[in-house]
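To start, the structure itself, in structure tokens.
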Amino acid sequence: MSGRRVLALYGALLLGFAAVVCRLYWLCSNTEYAVRAEAQSEAVLRLPAARGNFYDCGGLPLTGISQRWLALCFPGESSYARLYPYADADGQARLYRERNTSRPFLLDVVQDVSGLGVRCYAVPRRYAAAPLAEQLIGYLDSEGHGAAGLEAALDDVLYTGERDTLHCAVTAQGRLRRGSEPILEKADSAPQGVRLTLSRSIQRAAEGVAAESMATGCILIIDAASGKVRACVSLPGFDAANVGESLTAPDSPLLNRAFSAYAVGSVFKPVLAAAALEAGEGDFIRECPGYDALNGQVYRCAGSVPHGLVGLDGALEKSCNGYFIELGRELGPERVRKMAAALGFGKGQDIADGLRSASGVLPEAETLENEGQFANFCFGQGELLATPLQVAGMMNTIAAGGVYHTPLFVECTVDETTGEELTPLAHGSSRRVFSEQTAEKLHPNDVRRVMRALEIYETSGKTKSEQADSARAEGKYHVLVYGLSQPREIMYARINARVDEMMEAGLVNEVKALLTQGVKPNCEGGAMQAIGYKEIVSALQGDISMERAVELIKQNSRRYAKRQWTWFRHDAQTKWFDYTDFSTRESLEDTLLQCIQADCAAYAQQA
């Protein structure tokens with residue numbers, strides 16, 4: 001090779017080397033390339049999105065109670081071998097599938113495996129193995145957003161989108177670079193939590209009772225004084241971590257039965273009882289043969305069992321359908337429907353924004369003009385539909401002394417770090433539906449009635465209802481009963497005249513004297529609650545005028561007489577004589593005497 005060619009080749013090599021050096025210098029001085037190179041050597045892993053928890057009324061968590069573990073896996077057989085026993089079936093499949101990838105990943109494991117030399121990170125487990133109030137709280141979708149229940153209704157409050165991130169310096173093969181450690185970067189903002197009205201201990205207890213006593217149904221426990229719901233159970237339940245299994249289940253476990261409408265049945269009867277007591281018809285009496293017939297239609301009591309002569313207490317105790325049909329006819333459809341509407345029937349309730357209970361069906365007034373429809377309505381049948389929440393609200397009104405409190409489930413948002421209350425999410429509302437006196441007569445804790453029932457049991461060894469049944473079944477003596485009746489308009493006129501005579505005779509001064517002697521005017525069951533006294537007391541206290549008091553005495557006396565007549569009319573033993581059929585007192589007495597003598601002679605022959 002000639003010297004010129006060698007020199008040219010040498011010059012070309014030198015020029016190429018100079019170009020490479022210049023290029024390397026340019027690359028080293030360019031920061032953009034440096035950033036790209038660094039990014040290619042760093043793996044960024046995102047942990048599950050942060051989400052606010054639900055808390056009970058005392059601040060105890062209802063979600064996020066436990067934690068789960070995420071193991072940091074790097075490519076290679078070593079991670080596969082060590083972690084395989086600690087992963088579920090899906091995790092094991094993932095381990096096998098990604099054991100030769102070039103990027104690290106996070107794997108769900110059943111426990112902390114840091115003792116195996118594997119880096120492990122604890123994250124909240126959203127739902128416990130035995131979840132609390134799952135139908136009420138709901139569940140999340142695959143992206144961590146609320147998909148049902150309060151999770152969906154309050155997603156804007158609970159979901160922030162912020163995630164903790166894990167930064168790993170890795171080699172070209174995806175393994176952790178020697179001398180480096182993963183860096184966990186916390187999210188900038190913490191989510192807000194939501195405090196509910198539930199009590200975790202009461203909720204757990206109610207769920208335990210439900211699990212032992214029912215396969216399908218619900219339980220609601222409400223604080224009587226405030227309307228705050230302390231427990232909401234619906235069965236069957238579902239696994240919020242594996243909702244897919246429940247989507248096609250035949251028993252609809254995703255359905256919140258507390259908010260769904262069903263046929264009501266006999267639990268509707270206290271509505272009629274309240275309407276009757278408010279209307280002054282609490283002493284309505286009926287002889288129950290085990291059914292009631294109306295326009296050719298027969299409405300039977302359970303098992304067609306005759307209940308005999310029953311009043312309001314006995315009809316509620318024995319769930320007498322016929323009694324409540326006849327009571328409803330005394331009251332009229334308007335009164336009964338108005339009471340049902342005031343107690344929340346026919347109206348859904350907002351649990352939270354976007355979550356509402358079913359409205360049910362409260363038949364229209366036009367529908368109840370049909371006697372058959374109204375008869376069914378009176379004992380909770382026909383078109384009437386209601387949710388367990390509506391029924392619980394009605395029962396709570398009785399327990400709360402006649403005041404309806406809107407049932408509440410949600411209280412406020414809270415700072416999850418400090419527990420401080422932030423924003424109210426619901427405001428309670430209350431209204432008086434019926435009087436305290438009506439509530440006391442309906443309430444199972446009516447002390448006066450309980451004491452009377454205990455006295456009967458102590459002296460006779462029988463319950464009050466057993467003694468009544470026994471008295472009707474057999475009598476110690478053969479009793480002859482005769483009654484004198486008169487046309488209603490004459491009876492009402494005599495009642496009005498009698499009240500005027502009482503006022504002229506000094507009824508007002510008599511009541512004043514009793515009050516001066518210390519007689520309590522509002523003592524339940526006391527003498528001052530009798531007709532005549534209680535109206536004058538109201539006038540003396542300035543609640544009503546004296547003229548209005550006199551009107552009420554006459555009205556209440558007429559109603560009482562009507563109830564007495566209803567009672568006696570159903571007593572088959574009594575023989576009635578209308579005294580207006582007799583021209584003189586002597587002719588009436590002669591007729592009665594002859595009847596008594598004939599009945600005594602007939603009984604003597606039978607004996």
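Because only heavy atoms are used, hydrogens play no part in the values below, and waters and symmetry mates are left out as well, while side chains stay in.
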At their closest point, which heavy atom of Ile325 faces which heavy atom of Ala375, and how far apart are they?
CG1-O, 3.6 Å
Smallest separation among heavy atoms of Ile202 and Ala231, with atom names
CG2-CB, 3.9 Å
With ring centroids as reference points, do Phe268 and Phe377 lie under 6.0 angstrom apart?
yes
Are the side chain of Ser557 and the backbone of Val499 linked by a donor-acceptor contact shorter than 3.5 Å?
no
Do Ile398 and Phe434 come within less than 4.5 Å of each other through their side chains, counting heavy atoms only?
yes
Got Ile536 and Met546 here, is their nearest side-chain heavy-atom distance under 4.5 Å?
yes
How long is the span from the SG atom in Cys412 to the CG atom in Leu422, to the nearest 0.5 Å?
7.5 Å
Of all heavy-atom pairs linking Tyr323 and Phe284, the shortest is OH-O, 2.8 Å
Does a salt bridge link Glu278 with Arg335, judged by any charged N lying under 4.0 Å from a carboxylate O?
no
Report yes if some heavy atom in the side chain of Arg329 is under 4.5 Å from a heavy atom in the side chain of Leu294; otherwise report no.
yes
Spacing of CG belonging to Leu389 relative to CG belonging to Leu220, to within rounding of 0.5 Å
6.0 Å
Check whether any side-chain N or O of Glu207 sits under 3.5 Å from a backbone N or O of Ala133 as a donor-acceptor pair, and report yes or no.
yes
Check ion pair Lys228-Glu411 (N to O, under 4.0 angstrom):
yes
Between CG on residue Leu154 and CG on residue Asp353, distance to nearest 0.5 Å:
7.5 Å
In terms of the angle between their ring planes, are His145 and Tyr159 parallel, tilted or perpendicular, with boundaries placed at 30° and 60°?
tilted
Donor-acceptor pair, Ser319 side chain versus Ala315 backbone, under 3.5 Å?
no
For a 4.5 angstrom cut-off between non-hydrogen side-chain atoms, does Tyr55 reach Leu62?
no
Side-chain donor/acceptor of Arg559 to backbone N/O of Ala279, under 3.5 Å:
yes
Can you confirm whether Glu334 is buried at CD, in the sense that more than 12 heavy atoms of other residues, nucleotides or ligands lie under 6.0 Å from that atom?
no
Of all heavy-atom pairs between Ile553 and Ile531, which one has the smallest distance, and what is that distance?
O-CG2, 4.0 Å
Greater than 12 external heavy atoms within 6.0 Å of Tyr560's OH:
no
Does the side-chain contact (heavy atoms from CB on, under 4.5 Å) test come out yes or no for Tyr139 and Arg126, once each step is laid out?
CA-CA 9 Å; Tyr139 55 88; Arg126 185 66 180 174; over 6 Å; no
Test item: Arg230 side-chain N/O and Ser201 main-chain N/O as donor-acceptor pair under 3.5 Å:
no
In terms of heavy-atom contacts, Phe345 and Leu362 come closest through O-CD2, 3.7 Å
Would Lys554 and Asp500 pass as an ion pair if we require N to O under 4.0 Å?
yes
Any sub-3.5 Å donor-acceptor pair from Gln135's side-chain atoms to Pro253's backbone N or O?
yes
Decide yes or no on side-chain contact (heavy atoms from CB on, under 4.5 Å) for Lys512 and Gln517, but give the supporting numbers first.
CA-CA 9 Å; Lys512 287 181 179 179; Gln517 295 171 16; over 6 Å; no
Taking C-beta and beyond as the side chain, do Pro236 and Thr216 meet within less than 4.5 Å on heavy atoms?
yes
Does the pair Phe259 and Phe409 meet the rule for a ring-ring contact (aromatic ring centres under 6.0 Å, His included), with working shown?
CA-CA 12 Å; Phe259 299 162; Phe409 291 83; 5.4 Å; yes
So, does Arg195 use its side chain to make a donor-acceptor pair with the main chain of Gly59 at under 3.5 Å?
no
In this structure, CG of Leu198 is separated from CZ of Phe54 (nearest 0.5 Å) by 10.0 Å
Distance-only donor-acceptor check, side chains Thr387 and Ser357, under 3.5 Å
no
Starting from the C-alpha separation in whole Å, work towards a yes-or-no answer on side-chain contact (heavy atoms from CB on, under 4.5 Å) for Leu442 and Leu316.
CA-CA 9 Å; Leu442 291 172; Leu316 285 170; 4.1 Å; yes
How far apart are the C-alpha atoms of Thr516 and Leu514, what are their side-chain angles, what is the distance that settles it, and do they pass the side-chain contact (heavy atoms from CB on, under 4.5 Å) test?
CA-CA 5 Å; Thr516 302; Leu514 290 172; over 6 Å; no
Is a side-chain N or O of Asp56 found less than 3.5 angstrom from the main chain of Gly58, in a donor-acceptor match?
yes
Are Gln381 and Tyr299 linked by a side-chain donor-acceptor pair shorter than 3.5 Å?
no
Taking atom CZ of Arg498 as the centre, report whether more than 12 heavy atoms of other residues, nucleotides or ligands fall under 6.0 Å from it.
no
Taking atom types as modelled, is there a side-chain donor on Asn556 or Glu535 under 3.5 Å from an acceptor on the other?
yes
Taking all non-hydrogen atoms of both residues, which atom of Asp141 and which atom of Ala147 are closest, and how far apart?
N-CB, 4.0 Å
Separation between CG (Leu331) and SG (Cys378), nearest 0.5 Å, reads 8.0 Å
Note, Val194 side chain near Val157 side chain (heavy atom, < 4.5 Å)
yes
With salt bridge (charged side-chain N to carboxylate O under 4.0 Å, His left out) as the criterion, how do Asp292 and Arg286 come out once you've worked through the C-alpha distance, each side chain's angles and the decisive distance to 0.1 Å?
CA-CA 11 Å; Asp292 193 26; Arg286 178 180 185 269; 3.0 Å; yes
Would you say Gln203's side chain and Cys232's backbone share a donor-acceptor pair under 3.5 angstrom?
yes
If only atom types and distance count, is the side chain of Gln390 paired as donor or acceptor with the main-chain N or O of Gly360 below 3.5 Å?
no
Are Pro388 and Arg257 packed together at the side-chain level, in the sense that at least one heavy-atom pair is separated by less than 4.5 angstrom?
no
pair Ile351-Arg356: side-chain heavy atoms closer than 4.5 Å
no
Around Arg432, counting heavy atoms of other residues, nucleotides and ligands shown, do more than 12 lie under 6.0 Å from its CZ?
yes
Electrostatic pair Arg51:Asp155 at N-O distance under 4.0 angstrom:
yes
Interatomic distance, Thr418 atom OG1 to Glu416 atom CD [nearest 0.5 angstrom]:
10.0 Å
